[in-house]
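The next block holds one structure in the form of structure tokens; read it before the comments.
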Amino acid sequence: MSFTTLLILAIAPAIWALDNGLGQSPPMGWNSWNRYTCDINETVILNNAKAMKETGLLELGYNHIIMDDCWSKRQRDPETGKIVPDPEKFPNGLEDMIEKIHNMGFKFGMYSSAGKYTCAGYPGSLDYEEIDAKTFADWKIDYLKYDNCFNQGRSGTPLISYQRYEAMSEALNKTGRPIFYALCQWGEDQVWNWASTVANSWRITGDIYDSFDRYDIRCPCETYDCPSLQGYHCSIMNIVNKATPLAQKTGPNSGWSDMDMLEIGNGGMTYDEYLTHFTMWAVLKSPLILGNDVSNMSPEHLALVSNFDVIAVHQDVSAPANRIWKKPFVDSFVHLFSGALSNGDWVVAIVNEATVPLVEMSIPFSDIFFDNRDNAKFAWTAKDLWTKETITAARHLTVDVVPHGTQVWRLQKSTHNSHNSNYWTGHNTGHNAN
Ligand code: GLA
């Protein structure tokens with residue numbers, strides 16, 4: 001390598017994403033929309049923040065409290081031009097609530113839209129970027145979810161959309177306050193190709209719906225590259241299928257595909273379906289933003305979103321897992337995901353999308369380590385991140401997955417094995433390794 005090449009490498013920027021220093025791993029937290037829609041006020045938000053703290057979720061990393069749409073009055077202040085918080089919803093003032101949230105140890109997330117109005121018809125920030133960014137920074141926000149409604153036709157090409165979102169990015173940077181910038185542009189105009197230089201995360205689909213795989217015409221596209229209408233009422237598997245090819249566009253040095261807020265606890269899915277929802281959002285590195293009433297959450301659902309091992313994979317400073325294959329299985333499909341973690345461990349997940357159990361399917365290491373074939377030669381200690389059972393496996397893993405369920409392991413290279421020894425072949429039914 002020449003001296004000039006070395007010099008260029010030495011001065012090349014290490015961070016290619018929006019350089020606000022945020023988002024080396026995807027954010028975690030809570031958002032008001034999925035459970036409360038417009039029915040928000042100070043009590044709802046503070047009660048959920050308190051519950052997040054009391055249940056230990058804050059300590060586990062869920063450190064953003066994000067207030068969604070419908071927080072302001074219908075008109076800007078005619079004199080200052082600022083958006084005005086609704087005094088009936090926030091009788092003590094929004095700043096007072098934000099201070100209380102900060103004092104509990106959380107970061108605070110705000111919502112606006114790159115349009116004339118927000119999706120619910122409140123004032124949006126299009127062409128008011130500087131004044132709104134300054135107002136938000138004065139209120140000490142730490143995160144901005146920035147929607148796409150009422151954009152006055154300023155979309156339809158990547159460049160036009162980029163410029164509309166870039167305006168707020170620049171306005172936020174100008175405030176000098178580090179603010180995580182979360183685009184909510186629903187995957188229009190190939191947002192994954194241009195968002196990373198202006199934002200920390202970007203929504204890639206229409207709005208989520210609390211259903212595992214129900215087809216709904218209101219979410220008309222089955223693939224990510226939807227020509228126009230992204231819609232809403234998108235099921236979990238619809239979103240997984242859209243996010244999977246886009247895994248290559250996200251990572252610690254670019255930013256994160258946002259698969260939308262979680263539905264766990266809202267009642268539309270079984271425990272196993274919620275487990276798949278949570279595991280997929282974690283291994284694909286979507287933001288993990290709870291969207292339920294945390295103050296009234298079942299112990300089962302609380303335990304689900306508190307799985308430390310799954311959160312550790314999500315927060316690992318590495319790119320998302322990739323889907324190695326998706327194979328027909330009875331009335332649906334089985335999916336294999338695999339990805340390297342920053343310390344050399346691997347995460348492996350098998351999703352059973354079908355309505356019958358998957359029994360003793362052997363997954364060869366040549367598939368699991370398709371992206372690093374050398375690894376297939378070794379024995380690996382495999383920890384099931386849901387049952388917590390650990391086995392040592394070589395050459396393959398054997399999987400059993402309930403209908404609509406997911407099995408996920410963290411694999412660590414075994415220290416004392418090679419192919420010639422007498423290996424245990426992986427099986428997740430509780431046997432110990434020899
Ligand atoms: C859009 C967004 C949702 C939510 C609503 C609020 O539909 O995609 O996540 O913020 O607007 O009106």
Side-chain angles (χ1 to χ4, degrees), residues 26-41 44-45 48 64-74 83 85-86 89 108-126 132 136 141 143-152 154-155 161 164-165 168 180-189 191-192 195 199-211 216-221 224 226 228-236 238-239 242-243 256-264 266 268 277 281 286-293:
M28 297 171 68
W30 175 87
N31 173 300
S32 53
W33 183 256
N34 282 355
R35 169 66 178 79
Y36 299 97
T37 61
C38 274
D39 215 0
I40 53 164
N41 55 43
V44 161
I45 292 171
N48 274 285
H64 291 84
I65 299 293
I66 303 159
M67 175 179 70
D68 211 283
D69 205 349
C70 311
W71 57 269
S72 76
K73 285 172 73 166
R74 291 276 178 188
I83 306 185
D86 183 333
K89 291 176 180 165
F108 181 76
M110 173 53 92
Y111 166 94
S112 187
S113 179
K116 185 165 185 182
Y117 306 108
T118 70
C119 295
Y122 293 84
S125 297
L126 188 59
D132 288 354
F136 297 157
I141 72 153
Y143 178 112
L144 178 67
K145 170 174 173 177
Y146 203 43
D147 218 328
N148 193 28
C149 281
F150 299 105
N151 61 34
Q152 302 192 298
R154 285 153 71 173
S155 68
S161 282
R164 189 160 45 91
Y165 283 93
M168 182 53 95
F180 188 102
Y181 185 34
L183 306 196
C184 177
Q185 199 248 4
W186 320 323
E188 287 187 3
D189 295 333
V191 62
W192 46 85
N200 299 108
S201 69
W202 45 90
R203 275 271 301 276
I204 54 167
T205 69
D207 288 10
I208 194 169
Y209 187 62
D210 191 7
S211 160
D216 193 310
I217 191 65
R218 287 165 289 186
C219 179
C221 296
Y224 71 99
C226 191
S228 54
L229 184 64
Q230 292 289 344
Y232 59 103
H233 275 216
C234 300
S235 72
I236 301 314
N238 175 284
I239 294 176
K242 286 172 176 165
W256 308 105
S257 285
D258 182 346
M259 296 162 70
D260 208 352
M261 292 133 353
L262 297 165
E263 291 283 9
I264 298 155
N266 285 334
H277 177 22
W281 264 233
S286 169
L288 285 180
I289 309 291
L290 301 170
N292 61 313
D293 177 358

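When a ligand or atom number is given, it counts from 1 through the structure's own listing order.
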Checklist outcome for this item: Honestly, for C184 the part within reach of ligand 1 (heavy atoms, under 4.0 Å) is side chain

Checklist entry - Where is the tightest heavy-atom contact between W256 and P27, given as atom of each residue plus distance? => result CD1-CD, 4.5 Å

Checklist entry - Which pair of non-hydrogen atoms, one from H233 and one from C219, has the smallest distance, and what is that distance? => result O-CB, 3.5 Å

Checklist entry - Any N/O of W186 closer than 3.5 Å to an N/O of ligand 1? => result yes

Next on the checklist: Just to confirm my output: which protein heavy-atom neighbour is closest to atom 9 (O) of ligand 1, and how far is it?
Outcome noted: K145 NZ, 2.8 Å

Item to check | Over 12 foreign heavy atoms within 6.0 Å of OH, Y117 | outcome: no

Item to check | Minimum-distance pair of heavy atoms, taken over all atoms of L288 and W281 | outcome: CD2-CB, 3.6 Å

Checklist outcome for this item: Atoms of ligand 1 under 4.0 Å from any heavy atom of C119, numbered from 1 in the order shown, are 1 (C), 11 (O), 12 (O)

Next on the checklist: Counting only nitrogen or oxygen atoms and a 3.5 angstrom limit, does D69 reach ligand 1?
Outcome noted: yes

Item to check | Protein residue, atom and distance nearest to atom 4 (C) of ligand 1, heavy-atom basis | outcome: D68 OD1, 3.5 Å

Item to check | Atom indices of ligand 1 within 4.0 angstrom of R203 heavy atoms, with elements | outcome: 8 (O), 9 (O)

Next on the checklist: Among all protein heavy atoms in this structure, tell me which lies nearest to atom 8 (O) of ligand 1, with the distance rounded to 0.1 Å.
Outcome noted: D207 OD1, 2.5 Å

Next on the checklist: Under 6.0 Å between ring centres: does that hold for Y165 and W202?
Outcome noted: no

Next on the checklist: Quick test of your reading of the structure: of D147, I208, N31, whose heavy atom lies closest to atom 1 (C) of ligand 1?
Outcome noted: D147

Next on the checklist: Given S125, which partner from the list D147, T118, D132 fulfils the side-chain hydrogen bond (donor to acceptor under 3.5 Å, both in side chains) test?
Outcome noted: D132

Checklist entry - Taking atom types as modelled, is there a side-chain donor on D216 or Y232 under 3.5 Å from an acceptor on the other? => result no

